[in-house]
Structure formats: C-alpha cells, structure tokens
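In what follows, a single structure is set out as structure tokens and then discussed.
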Amino acid sequence: MASWRTLIPLLVLGLILLLSSFLSLWSGSNDHLMDRALAKHLVQSTLSSTLPALFFAMWLIQMVSHLYTSGYYSSLLYFGSSRAKLFIYCQVQLIVYLIIFLFINYIANVCAGLFFGVFPWQLITQLNLNSLLSFCLFLFAIGNAALFIGLLKPSHLIVLPFFFYWLMESWLVSLLSRKFEVDYFQMAPLSSFKAIVGNAVLSPTMILVISLYVLATIFLIQRAILTKNFR
C-alpha cells in the first residue's frame with residue numbers, strides 16, 4: 001500500500017459493489033419491498049450472486065501481481081522466510097483479502113441501503129449464516145484460482161484473459177447443457193465453484209468434484225511457490 005496506485009483497484013471494486021447494491025435495492029423496491037423485507041432481499045441477492053466473485057478474483061490477481069513484481073515476496077524469502085512458510089502466508093493473505101472484500105461489500109450495501117430506508121443493523125439481522133458460509137467458501141475457492149494465476153503469470157493484464165474465460169465458460173456450459181440436456185457440463189471449474197452459492201443442495205458427486213478442484217489448485221500454488229524464481 002506504499003503507492004496510491006494500489007488503491008485504485010480497491011476503489012473501483014467498491015464502486016462496482018455499490019452499483020450492484022443499488023440495482024438490487026431498486027429491483028426490490030419495484031416489487032414494493034420495504035424495511036426488513038427489502039434488507040432481506042438485498043442480503044439474499046448479495047450472498048447468492050456469483051458476479052462479485054469475478055471482481056474479487058480480478059482484484060486479487062492484480063494485488064498478487066503487484067506484490068510479486070514489486071519484490072515483496074522475494075523480500076520475505078530474503079529475510080529468512082522459507083518457501084513453505086510463504087505458501088502458508090499466501091493462504092492467510094487470501095483469507096485476509098476475503099475478509100476485506102466482505103467488509104467492502106457490507107459497506108457498499110449500507111451506503112446504498114440508506115437511500116432506500118434500509119439501516120445497517122437490518123442487514124445484520126437478516127443475515128443467514130449458512131448462506132454466508134457458502135459465500136465465503138465460494139470466494140475461497142475462486143480466490144485460490146486467482147492466487148495461482150497471479151503467481152503463475154504476474155501481470156495486471158492477465159485479468160483480461162481470466163475475464164474472457166469466465167464469460168466463455170459460462171456461455172458454453174449454458175449452451176451445452178441446454179443442447180444435450182445433461183448436467184455433466186456443470187462440472188467445469190468455475191461452474192462447479194458457482195454451485196456452492198445459492199439454495200441448491202450439492203450432490204455427493206459435485207462435492208467431490210469441487211473438493212478435487214480446490215485441492216488441485218492449492219497443490220499447484222504450492223508447486224508454483226516451491227519452483228518459482230522470485231526476483
């Protein structure tokens with residue numbers, strides 16, 4: 001955070017989440033929802049939406065790329081940290097960024113809610129812990145993928161291929177699922193992660209697929225840290 005340029009993606013993220021909150025509240029108000037009902041609508045739409053995870057992943061890729069190119073990770077190794085500890089540090093870093101993202105999302109909901117008569121404590125009282133846990137697990141899974149991409153190809157422009165892949169996979173999975181009327185295409189990496197959020201009950205097969213994807217991503221992150229030539 002030594003440079004003000006590192007705050008730009010954070011500010012953009014906050015504005016995007018604020019706009020998303022306004023749109024959710026606007027749609028709820030058009031359905032004549034007010035007070036607690038509108039707060040519940042906002043909380044449910046926030047915790048069941050997969051779009052914020054896209055911006056969370058893009059922000060995380062930029063942050064990891066910045067820390068790599070600025071020599072932050074190499075300085076940790078230079079001052080005595082082992083690569084195994086650096087792997088643990090990256091996982092802790094991911095959790096910290098996840099908490100920061102949740103806080104920014106909550107602040108965006110609060111700021112937007114004040115224009116529609118929704119107060120901060122109403123958002124907390126309407127919070128469903130199961131939905132929150134699912135949303136956090138979803139962000140953790142997507143965050144590990146973003147962490148691996150940021151370490152593998154540290155560049156701010158790498159977010160563009162990730163963005164296009166997100167759109168292309170969503171479009172292809174939807175198209176192929178409708179055409180062949182099978183659910184196997186839902187086991188694509190990002191689509192399987194998206195199945196974590198929402199009210200749908202995951203099948204044992206989908207839980208196994210998601211677990212394998214997460215474990216494989218964590219393993220690749222560990223291998224990248226062990227073999228990466230940090231400058």
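In what follows, residues are counted from 1 in the order of the sequence shown. The model shown is predicted, which means the values in this text are computed figures rather than measured ones.
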Please test Asn128 against Gln44 for side chain to side chain donor-acceptor pair (under 3.5 Å), starting from the C-alpha separation and ending with a verdict. CA-CA 8 Å; Asn128 185 287; Gln44 289 178 343; over 6 Å; no
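- Residues Cys136 and Leu102 meet the side-chain proximity criterion, which asks for heavy atoms closer than 4.5 Å.
- Tyr213 places no side-chain N or O within 3.5 Å of a backbone atom of Leu190 that could act as its donor or acceptor partner.
- Leu54 is not listed as a side-chain neighbour of Thr50, based on a closest heavy-atom distance of 4.5 Å or more.
- With hydrophobic clusters built from ILVMFWY side chains whose heavy atoms lie under 4.5 angstrom apart, Leu67 does not share a cluster with Leu226.
- By the rule that hydrophobic residues join a cluster once side-chain heavy atoms approach within less than 4.5 Å of another member, Leu11 and Leu19 end up as members of separate clusters.
- The local environment of NZ in Lys40 is sparse, with at most 12 non-hydrogen atoms from other residues, nucleotides or ligands closer than 6.0 Å.
- Nearest heavy atom pair, residue Gln122 against residue Gly117, reads OE1-O, 3.9 Å.
- Residue pairs meeting the ring-ring contact (aromatic ring centres under 6.0 Å, His included) criterion with at least one partner in residues 24-56, sequence neighbours excluded, are Phe56-Phe101.
- Once rounded to the nearest 0.5 Å, the distance linking CG of Asn105 with CG of Leu47 reads 8.0 Å.
- The CG atom of Leu212 sits 10.5 Å away from atom OG1 of Thr217, with the distance rounded to the nearest 0.5 Å.
- Taking CD1 from Ile149 and CD1 from Ile221, the interatomic distance works out to 10.0 Å, rounded to the nearest 0.5 Å.
- Separating the CG atom in Leu33 from the CG atom in Leu25 is a distance of 10.0 Å, to the nearest 0.5 Å.
- Here Leu15 sits alone; no ILVMFWY side chain lies under 4.5 Å from its own, so it joins no hydrophobic cluster.
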Please list every donor-acceptor pair under 3.5 Å in which a side-chain atom of residues 79-90 meets a protein atom from a residue at least two apart or in another chain.
residue : atom : partner : partner atom : Å
Ser82   : OG   : Lys85   : N            : 3.2
Arg83   : NH1  : Ile225  : O            : 2.5
Arg83   : NH1  : Lys228  : O            : 2.8
Arg83   : NH2  : Lys228  : O            : 3.0
Tyr89   : OH   : Tyr72   : OH           : 2.6

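- With Ser211 contributing its side chain and Ile207 its backbone, the two residues share a donor-acceptor pair below 3.5 Å.
- Here the closest heavy-atom approach between residue Thr46 and residue Asn109 is recorded as OG1-ND2, 3.5 Å.
- Within the structure, every pair that satisfies the ring-ring contact (aromatic ring centres under 6.0 Å, His included) test and touches residues 120-151, not counting sequence neighbours, is listed here: Phe119-Trp121.
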Hey, mind stepping through Asn144 and Gln91 against side-chain contact (heavy atoms from CB on, under 4.5 Å) and telling me if it holds? CA-CA 8 Å; Asn144 271 296; Gln91 291 298 309; 2.9 Å; yes
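- Residues Ser170 and Lys194 have side chains in contact (heavy-atom distance under 4.5 Å, counting atoms from C-beta outward).
- For the ring pair (Phe, Tyr, Trp, His ring centres under 6.0 Å) test, residues two or more places apart in sequence or in another chain that qualify with Tyr97 are Trp59.
- In this structure, CG in Leu137 is found 9.5 Å from CD1 in Ile210, a value given to the nearest 0.5 Å.
- Taken together through direct or relayed side-chain contacts under 4.5 Å among Ile, Leu, Val, Met, Phe, Trp and Tyr, Val43 and Leu23 form parts of separate hydrophobic clusters.
- With contacts defined as side-chain heavy-atom distances shorter than 4.5 Å, the pair Leu51/Ser20 does not qualify.
- In terms of heavy atoms, Val214 sits closest to Ala141 at CG2-CB, 4.0 Å.
- Clustering ILVMFWY residues whenever any of their side-chain heavy atoms sit less than 4.5 angstrom apart, transitively, puts Leu172 in a cluster other than the one holding Met187.
- Between the side chains of Gln186 and Ser177, a donor-acceptor pair is found at a separation under 3.5 Å.
- In this structure the side chain of Glu169 reaches within 4.5 angstrom of the side chain of Pro189, judged on heavy atoms.
- Under the 4.5 Å side-chain criterion, counting only non-hydrogen atoms from C-beta, Gln126 is not in contact with Leu42.
- In the hydrophobic clustering of this structure, Met58 groups with Leu152; members are Ile, Leu, Val, Met, Phe, Trp, Tyr whose side-chain heavy atoms approach within less than 4.5 Å, directly or through other members.
- Leu98 pairs with exactly one of Leu60, Leu139, Ile142 by the side-chain contact (heavy atoms from CB on, under 4.5 Å) rule, that one being Leu139.
- Listed by first and then second residue, the ring-ring contact (aromatic ring centres under 6.0 Å, His included) pairs that reach into residues 159-181 are Phe180-Phe185, sequence neighbours excluded.
- Taking CD1 of Ile104 as the reference point, atom CG of Leu18 lies at 12.0 Å (rounded to 0.5 Å).
- When all heavy atoms of Ser192 and Val209 are compared, the closest pair comes out as CB-CG1, 4.4 Å.
- In this structure, Gly14 and Ala108 approach most closely via the heavy-atom pair O-CB, 4.4 Å.
- The side-chain heavy atoms of Leu17 and Pro52, taken from C-beta on, include a pair separated by under 4.5 Å.
- Heavy atoms only, all atoms of each residue included: Val197 and Ser134 are closest at CG1-O, 4.1 Å.
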